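Here the structure is a predicted model, which means the values were calculated and not measured. Convention: sequence-line order gives letters A, B, ...; per-chain numbering from 1.
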Amino acid sequence: MTTGEMKERTYKRLDEDPSAPVYYTPAEVLAALNLVLRFMALQTFCIERTANFTVSAATCWHTILDQLSDCIKIFRVRKGATRIQPTTFHEQDCFSEAWEATAGAVEKYLTVGTNNFAVTPQPALGDTLSVTYAACPATLVDDADIPEAPEEYHQDLIEGALLILRLKEGSIELRNEWENWMRFMDACLKLATYVRARCQAQDYDVAPPFDIKARDASRKMKMTLEAIKQEKKAA
Amino acid sequence: MNAATIITRLLPQLHATSEGNLVATSRAELLELIDESLKRLARLSLFFVKRTTNQNTANGTATYALPADHLATLHISVANTPLIASSSNELEFQDEAYKTTTGPPAHWYGDGDGLDTFGLYPVPTGVAAIGKLYQHMPAELVDPGALSVTMPAVFDDYLQLRALRETYTKESDIAIPEVAAPLDKILSLYEQAAIQLYGRGQ
């Protein structure tokens, strides 16, 4: 589905004329679609990219986002056909007192926080590593753009966007969109399960994507909104 | 992340077409909310971690100041040699004169002289770079000069939704308290993601 098609369908779900919307601007709908697309990418790791990362000469610590600005989490690092093993600084402290200043070809890498990437040993002349990572999706801008999420989940992006758009209305309009959000979350869960299995099959370094079912707030949310509804009735 | 971009995205959600016709809030207030959300992320998880080597040991100096934005120390090295994390109790047990014994540093401790210093044991006798890897508070957002923070773009939405939540739940002419419940649940998913991906804040 293209962005234009998704916007049109979203408008129809909002009971707006796509050619002449009154209550929701096209920019607003586009922003909501981008938000749920990013949310899906974060929750499911469905967007995977591989790119080169330049290791500076004789340098242990680097920043990830300078070179991989769309990186959420690194899955795997390779040098040609050789796998670079993940490690932690605690582990490296146990192995070697000089791991931050040892010359040689890269054998291990570690990440700390969102933006710190260290390698050990450090190549004297620098090197280029191939990094596979979970990525932020490209922002949808034009009507011809196609979301990077799998096509079978494009409809679910619309379901999620409806709640985001209705937030400013509150009350019954918001309540009515909650079922759509639950369908969106169910879709995210299904996609996350698939990506998790794929990560395990690929033997990626990080733990598989978190089990959003365990933190699925949609069911708790349904109870919360029912409680609000009952309170309003009582009042 | 650019806070100005987030505010632009918030405008239609706050029934405004420009910052000039915002009701019951303002650009300054939204920036404060975004700043608070950023700091909340910084405390909850190891979202913001940096490594600095801009401090050197000094001959005979046992304790050193921590950076102003310091939240928790993760790793310290001197001349690229990692130090073992210890405590004053542990070091005092080993050596009663731990604050004056000199030699190449092998341990660091953070419970010596208040919350804003750390110590090295043995006390260094020369000059060497101290490599500090620590969880830090992001810089305050200052309008108009400093509104950008380097972070994964997916978390910009966390800042946006939290600002929306706080704006609609405060007492005002545009209050919509019922948005708090769904937004709290969505925001908790972002926070859990940050903790799971990058580690819990120390």
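You'll find the ring centres of A:F39 and A:W181 inside the 6.0 Å limit.
Of the atoms belonging to A:L165, not a single heavy atom falls under 4.5 Å from chain B. A:T111 does not touch chain B: none of its heavy atoms, backbone or side chain, sits under 4.5 Å away. Residue contact with chain A, scored on non-hydrogen atoms closer than 4.5 Å, involves the side chain of B:L133 exclusively. Contacts of A:L65 with chain B are made by side-chain atoms alone, with heavy-atom separations under 4.5 Å and no backbone atom involved.
Residues of residues 39-64 of chain B having a heavy atom under 4.5 Å from any heavy atom of chain A, listed by number: B:L46, B:F47, B:V49, B:K50, B:R51. Of residues 66-88 of chain B, those residues lying under 4.5 Å from chain A by any heavy-atom pair are B:L74, B:H75, B:S77, B:N80, B:T81, B:P82.
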Mind listing the side-chain donor-acceptor pairs of residues 141-153 of chain B below 3.5 Å, one per line with the distance, residues two or more places apart or on another chain?
residue: B:D143; atom: OD1; partner: B:R27; partner atom: NH2; Å: 3.0
residue: B:D143; atom: OD2; partner: B:R27; partner atom: NE; Å: 2.7
residue: B:S148; atom: OG; partner: B:N2; partner atom: ND2; Å: 3.0

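When the side chain to side chain contact (heavy atoms under 4.5 Å, CB included) test is applied to B:I176, the partners found at least two apart in sequence or on another chain are B:Y168, B:E178, B:V179.
Defined by atom type and a distance below 3.5 Å, a donor-acceptor pair is missing between the side-chain atoms of B:R9 and A:N34. Side-chain contact, B:E90 with B:Y121: no donor N or O sits under 3.5 Å from an acceptor N or O.
A salt bridge is defined here as a Lys NZ or Arg NE, NH1 or NH2 lying under 4.0 Å from an Asp or Glu carboxylate O, and A:R183 with A:D156 fails to meet this definition.
Of all the listed residues (B:A194, B:P12, B:G131, B:G199), the one sharing the greatest number of non-hydrogen pairs under 4.5 Å with chain A is B:P12.
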